[in-house]
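We count ligands from 1, going down the list as the structure has it; atoms in each ligand are counted the same way.
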Amino acid sequence: MYDYLVVGAGLYGAVFAREATKKGKKVLVIDKRNHIAGNVHCEEIEGINVHKYGAHIFHTNNKEVWNYVNKFAEFNRFTNSPVANYKGELYSLPFNMYTFNKMWGVTTPKEAAEKIEEQKKAAGITEPKNLEEQAISLVGTDIYEKLIKGYTQKQWGRACTELPSFIIKRLPVRLTFDNNYFNALYQGIPMGGYTKMVENMLEGIEVRLGEDYLEKKAEYDGMADKVIYTGAIDAYFDYQLGTLEYRSVRFETEVLDMPNFQGNAAVNYTDAETPYTRIIEHKWFEFGTQEKTVISKEYSSEWKKGDEPYYPVNDEKNGNLYAQYKELADKEDKVIFGGRLGEYKYYDMDAVIASALDMCKKELV
Ligand code: UDP
């Protein structure tokens with residue numbers, strides 16, 4: 001008999017398991033995959049930590065979270081500065097003075113601001129109602145057309161006019177020569193990889209892999225006083241109210257017999273025609289000096305049952321359906337739902353950890 005059964009060995013589950021164990025609780029962690037660390041899981045290929053479920057760059061403004069993760073890993077000084085490739089033209093990301101200079105030839109912040117304002121005016125946008133209008137009002141029509149429109153439609157499989165504006169607000173816009181993608185005080189990659197970091201979180205805790213909770217739910221529920229469920233909330237309720245939409249991602253990973261393929265960890269292909277959204281060259285997350293390199297092309301697709309869900313589609317329709325599932329979830333007094341899938345929320349890693357720590361404060365008194 002356990003105090004807590006944690007379903008899912010990703011960040012949310014691992015943080016909860018660690019904190020509960022610290023408080024003397026008996027915890028069992030299960031995961032249906034055959035590895036820990038959820039979607040931050042890394043696998044070593046040719047001496048390079050390959051981010052198997054897509055690039056993860058740890059960044060946060062939350063000092064408590066930063067101190068917390070540093071207990072389990074040492075972080076390197078990696079700073080995310082992706083490059084956008086639009087039909088062979090290269091631009092700096094996020095949108096900054098280098099981007100504006102390349103796009104328009106402007107050299108001062110004043111000229112760049114005027115150019116954006118002029119394009120925003122011409123588009124007649126006062127109050128942005130969707131991602132397209134939000135993007136144009138932030139960076140103007142040219143940047144929207146070349147660096148946002150195609151990429152976003154590929155990533156989300158929906159027109160920019162159908163998407164909520166908060167998605168694009170994740171990206172900073174700066175009138176400075178600063179290529180750092182994130183507005184974060186702290187940033188880096190755990191040395192030795194994310195799997196090692198999660199392994200350290202789970203040290204001394206019983207973990208069973210390849211165990212599908214929903215297949216043997218009654219049996220598992222009988223094993224613990226409470227359940228922390230970090231899987232998809234609609235799957236938990238057997239999709240009884242309908243399926244929430246997710247975007248899934250597929251990776252084509254190749255080992256190349258060369259030390260340097262693209263000179264950067266991430267290159268985004270922002271046109272609509274290239275079938276993948278970006279290419280990740282994993283060694284650059286850790287300043288690799290290996291003779292070979294490993295790259296992953298990332299293809300985005302609509303999720304269907306059996307696929308791995310990655311991104312919740314936080315639009316109005318899905319928001320309403322989630323609210324109904326949340327009502328059901330609140331009635332399950334033995335179960336706590338958490339994490340990107342359990343709360344159907346486009347969480348970054350630091351926010352997931354903050355939310356798990358918050359829950360611990362309430363739950364583990
Ligand atoms: N985005 C874009 N062009 C880019 C990179 C991002 O238009 O080159 C937009 C796109 O809509 C994307 C959003 O910004 O969904 C958020 O990007 P982010 O890099 O935060 O997404 P993630 O890394 O979580 O996939």
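Legend: residues meeting ring pair (Phe, Tyr, Trp, His ring centres under 6.0 Å) with Tyr220, ordered by chain and number and at least two apart, are absent.
Between Tyr151 and Tyr269, the ring centre distance reaches or exceeds 6.0 Å.
For the pair Lys102 and Tyr91, the distance from NZ or CZ to the six-membered ring centre is under 6.0 Å and the angle to the ring normal is within 45 degrees.
Ionic pairing of Glu19 and Lys22 is present here: one or more N-O contacts between side-chain nitrogen and carboxylate oxygen are shorter than 4.0 angstrom. Contact check on Lys115 versus Glu117 returns no salt bridge, with no Lys/Arg side-chain nitrogen under 4.0 Å from an Asp/Glu carboxylate oxygen.
At a cut-off of 3.5 Å, with distance as the only test, no side-chain donor of Glu44 or Asn49 sits close to an acceptor on the other residue.
Near ligand 1, residues Leu93, Leu147, Ile148, Tyr151, Thr152, Gln155, Trp156, Ile167, Ile168, Arg170, Leu171, Tyr181, Asn268, Thr270, Arg278, Tyr311, Tyr346 each place a heavy atom inside the 4.0 Å sphere around the ligand atoms.
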